[in-house]
Amino acid sequence: MDSGTDRLVERPPSSRFSYAQMSRFPDYVESYNPTISDINLDETAPNGIEDEVKPTADTAVKVSGGNADVQDKSAQGRNMYFKDGKRRIDYVLAWELDDDDDKHKNRNIKAREIFENNLREEGLQLEEDLTVSKDEEADFMKVHAPYEVLTRYAEILKLKMPVKKNPMKSVSTKLWTKVTGIAKRIYTPFQLNEDQVPHIKRRFTLVYSRDKEYLFDIPEDRDTFFDNATRSRIVNFILRRKSFSKDKNDAYSFGINKMINDNIYTAAYSLHEGHWKPGSASNERKLLFDHWGNWRNMFKVQPLEHVRNYFGAKIGIYFTWLGFYTMMLIPASIVGLVVFIYGIAVAPDSYPAKEICDPKNNFTMCPLCDFQCPYWNLYESCSNAIASRMFDNGGTVFFAIFMSFWGTLFLEFWKRRQASMQYKWDLLDYVREEQPPRPEYLARLENCTHYRMHPITGLKEPHLPFWTKRVPIFLMSYSIMFFLGFLAIAAVFGVIAYRVSVLAALQVLTKDRPTSTNSTLVATTTATIYENASLVTTVTAACINLLIIIILNMIYSRLAFWLTDLECLRTQKEYDDSITLKLFALQFVNYYSSIIYIAFFKGRIIGRPGKYTTMFGARQEECAAGGCLIELCIQLAIIMTGKQLFVNNFTELVLPKLIKMIKRCLSKETKAEKASRASYEKDYKLEAAQTTSLFYEYLEMVLQFGFLTIFVAAFPLGPLFSLINNIIEIRMDSSKMITHLRRPLADRSPDIGIWYSVLYGISRIAIISNAFIIALTSDYIPRMVYLNSYSKDDSLKGYLNHTMSYFNTSDFEGDHRPTYAGSEHIQICRYRDFRNPPWSENAYEFSQLYWHILAARFVFVVVFQNVIVFITGLIAWLIPDVPAQLKVQIRREAYISNEIIIKTELLWAQGKSPEEGEAAIEAISDVGPQYQLDDTGSAKLMFRKSPGNSPEREEENIV
């Protein structure tokens, strides 16, 4: 090599194993160490537990063992280094002092010793921090990955790193500048201050190779080439694959996850970068809290690039999806609010409501229960009828159609947005690693006598026979699931029994009874309850139902994990998919069963006066005078808002603060002792970031999406409440991750996984559900049939009488006849149904009008469903998943990557200097079209550059 090429290190030829061989299991990993001899131990401290190095003046603050809070607030910030003040702490392993027997204690010590020796052999550097006082909770082992280890595994993991020069420069045009200027004026109040939150531009990256280091933008301080999230990810990759047993037959005693599961270590985590509290030194964590997790920025856009850099792409994708979903709720909320205001405006003036509220229309209605319930006048349900018309009008149909299109557009635009984020975050060529067996799987099969060769790894693994072991376990698991689902349905029947009994009890109260008391307040209250008995019953039943849902959710969560553990699934992905299916199915039944009952079954099979359909000897409940849609709306409002705005926010926001306050009160630690704790000790006090954390966040939002789409025809304010909830949810989740949890592993994921399929399935179910809600639950179809076929003046005048059937009270059976005084004077009462009158030849049979309306309802369902499915399918087909321009940009980038490597390798082979290689990179100018991605993933053509043109000629190429 020339003397001018000191950045390259000549490596002696050596045999290398493939990535598949060395990266899966510890036997391969331990046998692969091709560059350990290349590490210049003179440049770094020797492997092992490091000797203390005297700090320099520049590192005095970093290594000071004094007040840690003072370090947090100093200009240099929190101490994140070994004792020498030079090597960064990339990972921390913690274990608590053993109180068990000596045999168990010695086993753990030996396992840790073997594991740590294997880490040193891999090139990692360790520094131990042992307990000095009995009051300390744990011992710590700090882990540092030298540059040589990072580069070796960056090559193995095929990480993409930024190159020195960016050959793909985007140049804006005058027209685009004007357009963005208008957009900026609109969105300025919601944008973050770029001086405080600097914009992170996407850099041109290539797959890292140690043989081509001259291509990459490696700074003088090589340790800063890899950011902290990447460093911790590489260290975690090593920790998950090192053995802690010398027994060659014990092939599965490896990995930090297995050691934590066996209580050899109690925690393994990377450090937060500084403190988040006011007054702390500037750091990425504090920046995220100030401009992302802080409530004063709840209406600001999220700094997603900073989130991804700090927490990794997997968490970044979740918050990108949540932010995109929240943004898409804005038009749905506006339309829903307009429909609601329209309903308020037209409700008092609608003919059905007017006729019900007119006392002149003296409709005597049949009793709502047997024996004690009196006959009643229809105008007493005036308020209920007006409230029902607020949600049951022409705007309901429009909103249902709108939300069907909205659901499709949301999913299609999300795919485009996801594609743009995959491009920006280098996730397009993401390949999932072959997952090793779960530690819990190996522990449960420790005494298993059945082994089978795994087709991917080629290793013998413990195996459960399918027919004799797995089938009985799965049958038992899903039988219990069906029982749990039946339990939720049984709870719905319990609430139905409550509604029937309470409504009957309230109906027994007559208007005359309160007059016996001298209290005007009691008399007025009793009369109000009597007049709104149906509303009172519905609201209280919905609150009880919400309480039952919360209790069942607690039971379901525990049992779902227990059942999944019984299934003994091999990999973490199989386990996650199984628990997703169980919890979503159980919560779907739990949350939606009562709503489905009101929407599709209540009041459908009650029979008629004189021949009621009974269940357990009691009449079934029927819809109120205004119909069942208002009851469905109340049920949705209480369950949806109660679950989101109160239950979820309490458990995620209030409860953790209460627990933290209680712990602080019970703690004997003084402020001075707390302030003196090191950074890794402070982080150890935080909650562990569980692998299921994002699972619950996704589940909560998917259930919300179900409420919005499946039953949106009954509750147009649903999108608005969801928008408010999500704005709060983003800040709660972000604040929790920054302040309450240890720093999660910066994992990678290119998409939202199985949740997209669940969302798509819900959007399809929603089309059918809304069609049936409009056709069966609302009065829209009967009104349209009357308006077009029976009305004499093309209005709804007379519609109320048209929907009321007659009943001769002498036809009451003895067991159902009202027995209160004066009931014998009523000869005819009315009830809501389409049946022949008692004087007809086919008395009480369904009338011709009933079959006319039934046919119209089913025609509407078929037409609505097929038209919406066709149009939404057409929309999905017309909107490509990846914008065409983005495809061109991706292909262009791949082409330039190859050209850079080919030309620089040629120059290098010719013995030319790295500066000439850099010039070659600059020579590969991006002569193709330039695009900029918007929030929906659409790529807009900005500029077309022609080689050799002067700046004046470039103006002619503006598109």
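Taking the six-membered ring for Trp and thresholds of 30 and 60 degrees, F319 and W292 have ring planes more than 60 degrees apart, a perpendicular arrangement. Aromatic ring orientation, W755 versus F695: tilted (interplanar angle from 30° to 60°). Below 30°, between 30° and 60°, or above 60°: for Y592 and F707 the angle between ring planes is above 60°, a perpendicular geometry.
F226 does not carry R231 over the face of its six-membered ring by the limits of under 6.0 Å from the centre and within 45° of the normal.
Side chains of E305 and W425 form a contact here, defined as non-hydrogen atoms less than 4.5 Å apart. W321 is listed as a side-chain neighbour of M701, based on a closest heavy-atom distance under 4.5 Å. Between Y597 and I489, every side-chain heavy-atom pair lies at or beyond the 4.5 Å cut-off. In this structure, K314 and L745 have side chains that are not in contact, with every pair of non-hydrogen atoms separated by 4.5 Å or more. The shortest distance between side-chain heavy atoms of V143 and V92 does not fall below 4.5 Å. Taking the side chain as every heavy atom from C-beta outward, L93 and L239 approach each other to under 4.5 Å. Residues P303 and L288 are in side-chain contact: their nearest non-hydrogen atoms beyond the backbone lie under 4.5 Å apart. Between I234 and T230, the closest side-chain pair of non-hydrogen atoms falls below 4.5 Å.
Taking the six-membered ring for Trp and the full ring otherwise, F410 and W414 have centroids separated by 6.0 Å or more.
For Y698, there are no side chain to side chain donor-acceptor pair (under 3.5 Å) partners two or more places apart in sequence or in a different chain. The side chain to side chain contact (heavy atoms under 4.5 Å, CB included) test applied to A637 returns F715, not counting sequence neighbours. Not counting sequence neighbours, the partners of D290 by the side chain to side chain donor-acceptor pair (under 3.5 Å) test are K286. Annotation: side chain to side chain contact (heavy atoms under 4.5 Å, CB included) contacts of L723 (sequence neighbours excluded): T326, L329, I330, S333, I727. For R308, the salt bridge (Lys or Arg N to Asp or Glu O under 4.0 Å) criterion is met by no residue, not counting sequence neighbours. Scored by the side chain to side chain contact (heavy atoms under 4.5 Å, CB included) test, V712 finds F399, M403, N770 as partners (sequence neighbours excluded). Residues that satisfy the salt bridge (Lys or Arg N to Asp or Glu O under 4.0 Å) test with R743, not counting sequence neighbours, are E273. Scored by the side chain to side chain contact (heavy atoms under 4.5 Å, CB included) test, R558 finds no partners at all (sequence neighbours excluded). Under the rule for a salt bridge (Lys or Arg N to Asp or Glu O under 4.0 Å), the partners of D426 that lie at least two apart in sequence or sit in another chain are R202.
The side-chain hydrogen bond (donor to acceptor under 3.5 Å, both in side chains) contacts involving residues 539-548 comprise Y498-T540, N545-S594, where partners must be two or more places apart or lie in separate chains. Every pair tested for salt bridge (Lys or Arg N to Asp or Glu O under 4.0 Å) that includes a residue from residues 326-340 fails, sequence neighbours excluded, so the list is empty. Sorted by first and then second residue, the salt bridge (Lys or Arg N to Asp or Glu O under 4.0 Å) pairs with a member in residues 325-334 form an empty list; sequence neighbours excluded.
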Q | Chi angles and distances behind the side chain to side chain contact (heavy atoms under 4.5 Å, CB included) call for C633, M390 | A | CA-CA 10 Å; C633 176; M390 288 166 54; over 6 Å; no

Q. Could you go step by step and tell me if L686 and L741 meet the side chain to side chain contact (heavy atoms under 4.5 Å, CB included) rule?
A. CA-CA 5 Å; L686 300 176; L741 299 181; 5.9 Å; no

Q: With salt bridge (charged side-chain N to carboxylate O under 4.0 Å, His left out) as the test, would you mind laying out the steps for K736 and E697 before giving the verdict?
A: CA-CA 12 Å; K736 178 176 66 176; E697 304 299 339; 2.9 Å; yes

(Q) Go through it in stages, so that I can follow the logic: the residues are L322 and D733, the test is side chain to side chain contact (heavy atoms under 4.5 Å, CB included), and I'd like the CA-CA distance, side-chain angles, deciding distance and then a yes or no. (A) CA-CA 11 Å; L322 181 56; D733 289 347; 4.3 Å; yes

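Under the 3.5 Å distance criterion, with hydrogens and angles disregarded, no donor-acceptor pair is assigned to the side chains of N309 and D227. Using modelled atom types, one finds a donor on one side chain and an acceptor on the other under 3.5 Å when comparing T408 with R764. Side-chain polar atoms of N228 and R88 form a donor-acceptor pair below 3.5 angstrom. Side-chain contact annotation: Y680 with H272, donor-acceptor N/O pair under 3.5 Å absent. No hydrogens or angles considered: a donor-acceptor pair under 3.5 Å links the side chains of S578 and K582. Side chains of Q704 and N726: a donor-acceptor N/O pair is present below 3.5 angstrom, by distance only. In the model, N236 has a side-chain atom that pairs as donor or acceptor with a side-chain atom of Y91 under 3.5 Å.
Listed for the S557 side chain is no donor-acceptor partner under 3.5 Å among the backbone atoms of M554. Remark: the backbone N or O of M732 is not paired with any side-chain donor or acceptor of S735 at under 3.5 angstrom.
Applying ring-ring contact (aromatic ring centres under 6.0 Å, His included) to Y265 and the options Y684, F140, W95 leaves one that passes, W95.
The 12-atom threshold is not exceeded at OH of Y760, counting heavy atoms of other residues, nucleotides or ligands nearer than 6.0 Å.
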